[in-house]
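Let me begin by presenting the structure, written as structure tokens, before commenting on it.
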Amino acid sequence: KPEVFKPIVFALAFFHALVLGRRRFGSLGFSRPYPFSGGDFSVCASVVKNYVEARDVVPWSDLRYIIGDIMYGGHVTDAWDRRCSATYLDHLLDSKLLEKKTDFLLAPGFRAFAHGTFADARAHVDHGPADSPLLFGLHTNADLSLLIAEADDVCEGVRELSAEGTSSSASSGTAAAARESKMQSTLTELQMKLPFSRSSQDIRAKAADMSAPYTIFLVQEVERLNHLVSEIKRSLAELELGLAGALNMSPAMDILAGHLHANTVPDEWLRACGQMGPTGSYNRRPLSTWYADLMQRDRHLVDWGKDPNGRPPSVWISGLYNPMGFVTACLQITARGKGLALDSMTVSTSVLPLFQDQVTEQPEEGAYVHGLFIEGARWDVESACIMHSFHKELHSSMPVIHLKGVTAKEQTKVAQQSNVYMCPVYMTTARGPTYQFTSHLPSSLPTSVWTLAGVCLLMQAV
């Protein structure tokens with residue numbers, strides 16, 4: 001049945017090209033790297049052949065399941081990436097593919113190949129649209145993100161080579177003296193700006209009820225920050241003594257000195273605040289920006305700690321080292337108030353037409369949070385829905401978001417609405433393991449548009 005087999009295999013080949021090409025866009029394409037190969041395509045083509053020959057009617061749902069969830073899906077470990085690949089197959093493996101008179105397109109400006117030889121199929125591909133993020137369903141800004149990532153990689157390579165050259169020529173004296181002078185200057189600056197350790201006992205003394213979820217979370221967040229500050233203080237003090245000659249320079253000191261010289265965040269500091277996981281660092285900021293963010297987080301907790309029985313009018317959720325702990329506290333309050341089990345609760349979100357400085361107090365139910373950014377799209381305040389990004393605007397700020405606890409059953413009803421995009425919320429642009437919870441964003445376009453565009457909310461856009 002070549003009239004059936006050829007279009008389906010061509011669509012399958014296009015799907016294979018999509019999942020391979022999408023990887024080059026980094027986390028915007030897929031949250032994690034996957035080892036798709038030509039073997040996946042060959043096996044799936046054999047499956048298609050067997051099904052087409054054995055059935056009078058093409059079992060589209062079976063093919064989509066086998067290809068998307070078993071063959072290619074066997075590589076995909078992230079649920080959001082699986083949703084993306086499934087969306088591709090929902091569009092490509094459709095009965096319209098086999099209709100003789102149809103305006104069905106595999107991608108903008110690209111029709112399926114149905115009749116002819118292999119050479120004809122290659123000519124059809126060669127005369128297809130030029131390579132562009134639009135073919136993948138991404139915004140044209142994805143090219144800009146790709147170029148920035150490539151430039152960062154080049155700069156990182158140059159920095160590493162420069163550091164090796166400086167190390168090998170350290171005996172000349174001039175380069176070594178300049179490097180040590182820069183490290184000493186950075187070390188002194190960091191020590192001067194380092195926040196004081198905050199007393200969690202003061203918060204406990206002011207708290208009217210230490211069993212209150214928000215109070216418990218605040219104490220835990222302060223203690224986590226104290227642990228980080230203590231680690232930074234200890235490591236900087238050791239390095240200072242090492243540079244002064246009072247201590248022998250250990251391998252750990254050399255590594256820290258290298259980070260200070262390169263303006264990168266040491267791994268030990270990232271582990272202390274939970275920004276280092278099994279797959280590596282989740283942080284995407286240079287040391288200078290990361291340290292400024294640390295001081296801002298400290299000020300936010302100090303202001304909150306002045307009245308631990310209440311909350312700021314809007315909580316800076318991006319400034320919390322354990323944002324999911326705050327969300328859980330919000331769910332606990334709702335569950336206790338309604339007499340529900342905590343494991344039956346999930347988070348629901350709604351975007352307000354207000355920004356942080358326009359909010360004066362927290363709501364009676366749930367919590368107001370701010371500090372989130374949207375990637376892959378933008379939020380239109382007037383229409384109260386997500387829209388396509390402006391050109392060259394990679395990330396845009398979100399208004400205040402209202403978090404509320406709802407039952408899983410209520411959440412399912414929301415998820416089934418065709419005009420609500422289930423948007424993953426991540427801590428950083430690393431995505432993947434930094435996933436926190438799901439937000440619900442109204443849309444005037446089909447939600448598959450935003451799925452293929454890789455739209456998500458981020459707590460740290462830089």
Side-chain angles (χ1 to χ4, degrees), residues 14-36 78 80-81 84-85 87-88 107-110 125-126 128-163 262-265 275 279-290 292-293 318 372-379 386-398 423-435 449-462:
F14 186 63
F15 169 74
H16 183 70
L18 288 174
V19 295
L20 288 181
R22 193 178 176 95
R23 296 183 303 182
R24 77 173 187 262
F25 295 101
S27 60
L28 185 61
F30 285 123
S31 297
R32 307 169 194 266
Y34 300 113
F36 300 120
D78 187 277
W80 301 105
D81 292 339
C84 178
S85 61
T87 302
Y88 276 138
F110 192 49
V125 173
D126 291 339
D131 188 15
S132 161
L134 297 176
L135 289 178
F136 301 89
L138 296 165
H139 192 273
T140 52
N141 285 343
D143 259 345
L144 184 58
S145 298
L146 174 62
L147 293 174
I148 292 174
E150 291 177 345
D152 288 342
D153 290 341
V154 171
C155 291
E156 178 65 17
V158 172
R159 184 196 65 76
E160 290 178 355
L161 291 174
S162 175
N263 193 31
T264 55
V265 185
Q275 293 182 355
T279 57
S281 171
Y282 306 148
N283 175 59
R284 293 295 182 267
R285 290 176 168 172
L287 177 59
S288 54
T289 306
W290 182 89
D293 178 72
S318 304
L372 294 172
F373 301 87
I374 186 169
E375 181 177 43
R378 65 180 175 88
W379 179 260
I386 47 177
M387 305 286 285
H388 287 295
S389 299
F390 292 125
H391 187 53
K392 296 184 179 181
E393 185 181 70
L394 303 183
H395 306 99
S396 58
S397 299
M398 289 291 293
C423 182
V425 180
Y426 299 100
M427 289 188 69
T428 71
T429 53
R431 298 200 183 193
T434 69
Y435 170 76
V449 172
W450 312 120
T451 298
L452 298 183
V455 175
C456 73
L457 295 183
L458 301 170
M459 296 186 182
Q460 295 180 20
V462 180

| Please walk me through it: do Glu150 and Leu147 pass side chain to side chain contact (heavy atoms under 4.5 Å, CB included)? | CA-CA 5 Å; Glu150 291 177 345; Leu147 293 174; 3.9 Å; yes
| query | Passes side chain to side chain contact (heavy atoms under 4.5 Å, CB included), Trp450 versus His388? Steps please. | reply | CA-CA 9 Å; Trp450 312 120; His388 287 295; 3.8 Å; yes
| request: In sequence, state the C-alpha distance, the side-chain angles, and the governing distance for Val455 and Ile374, and then conclude on side chain to side chain contact (heavy atoms under 4.5 Å, CB included). | output: CA-CA 7 Å; Val455 175; Ile374 186 169; 4.0 Å; yes
| said: Assess the residue pair Thr428 and Met459 against the criterion (side chain to side chain contact (heavy atoms under 4.5 Å, CB included)); give the C-alpha distance rounded to whole Å, side-chain angles, the decisive distance to 0.1 Å, and a yes or no. | reply: CA-CA 6 Å; Thr428 71; Met459 296 186 182; over 6 Å; no
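Across all their heavy atoms, Tyr282 and Pro433 have their closest contact at CE2-CG, 3.5 Å. Summarising the geometry of Ala430 relative to Ser27, their closest heavy-atom pair is O-CB, 4.0 Å, with the distance given to 0.1 Å. Taking each heavy atom of Trp290 and Gln275 in turn, the nearest pair found is NE1-OE1, 3.0 Å. The minimum heavy-atom distance between Cys423 and Cys456, with the atom names listed, is SG-CA, 3.5 Å. Closest of all the heavy-atom pairs between Pro129 and Gly109 is CD-O, 3.6 Å. Of all non-hydrogen atoms in Leu135 and Pro108, the two that sit nearest each other are CD2-O, 4.3 Å.
In this structure, the separation between CD on Glu375 and CG on Leu457 is 10.0 Å, given to the nearest 0.5 Å. Summarising the geometry, atom CH2 belonging to Trp80 is positioned 5.0 Å from atom OH belonging to Tyr435; distances are rounded to the nearest 0.5 Å. Here the CD-OH distance, from Gln460 to Tyr426, works out to 15.5 Å after rounding to the nearest 0.5 Å. Note that CD1 of Ile148 and SG of Cys155 are 11.5 Å apart. Values are rounded to the nearest 0.5 Å. Of the inter-residue distances, the one linking Met427 atom CE with Asn283 atom CG reads 10.0 Å to the nearest 0.5 angstrom. Between atom CG of residue Leu394 and atom NE2 of residue His139 there is a gap of 10.0 Å, rounded to the nearest 0.5 Å.
Relative ring orientation between Tyr34 and Phe36 is described as tilted, the plane-to-plane angle lying within the 30° to 60° band. Between Phe136 and Phe25, the ring planes are perpendicular. Angles over 60° get that label, and only those under 30° would be called parallel.
For the side chain to side chain contact (heavy atoms under 4.5 Å, CB included) test, residues two or more places apart in sequence or in another chain that qualify with Ala262 are Arg159, Thr264. Under the rule for a side chain to side chain contact (heavy atoms under 4.5 Å, CB included), the partners of Arg378 that lie at least two apart in sequence or sit in another chain are Asp380, Met387, Phe390, Glu393, Ser396. In this structure, the side chain to side chain contact (heavy atoms under 4.5 Å, CB included) partners of Asp293, at least two apart in sequence or on a different chain, are Arg285, Arg297, Trp316. Here Leu452 pairs with Cys84, Thr87, Tyr88 under the side chain to side chain contact (heavy atoms under 4.5 Å, CB included) rule; sequence neighbours left out. Checked against salt bridge (Lys or Arg N to Asp or Glu O under 4.0 Å), Asp81 has no partners two or more places apart in sequence or in another chain.
Inter-residue side-chain proximity for Leu28 and Arg431 is flagged as met; some heavy-atom pair is nearer than 4.5 Å. You'll find the side chain of Leu458 reaches within 4.5 Å of the side chain of Thr429, heavy atoms only.
A distance-only check finds no donor-acceptor pair linking the side chain of Asn141 to the backbone of His391 [under 3.5 Å]. Listed for the Asp143 side chain is no donor-acceptor partner under 3.5 Å among the backbone atoms of Pro133.
Screening residues 16-27 for salt bridge (charged side-chain N to carboxylate O under 4.0 Å, His left out), with sequence neighbours left out, gives Arg24-Asp131.
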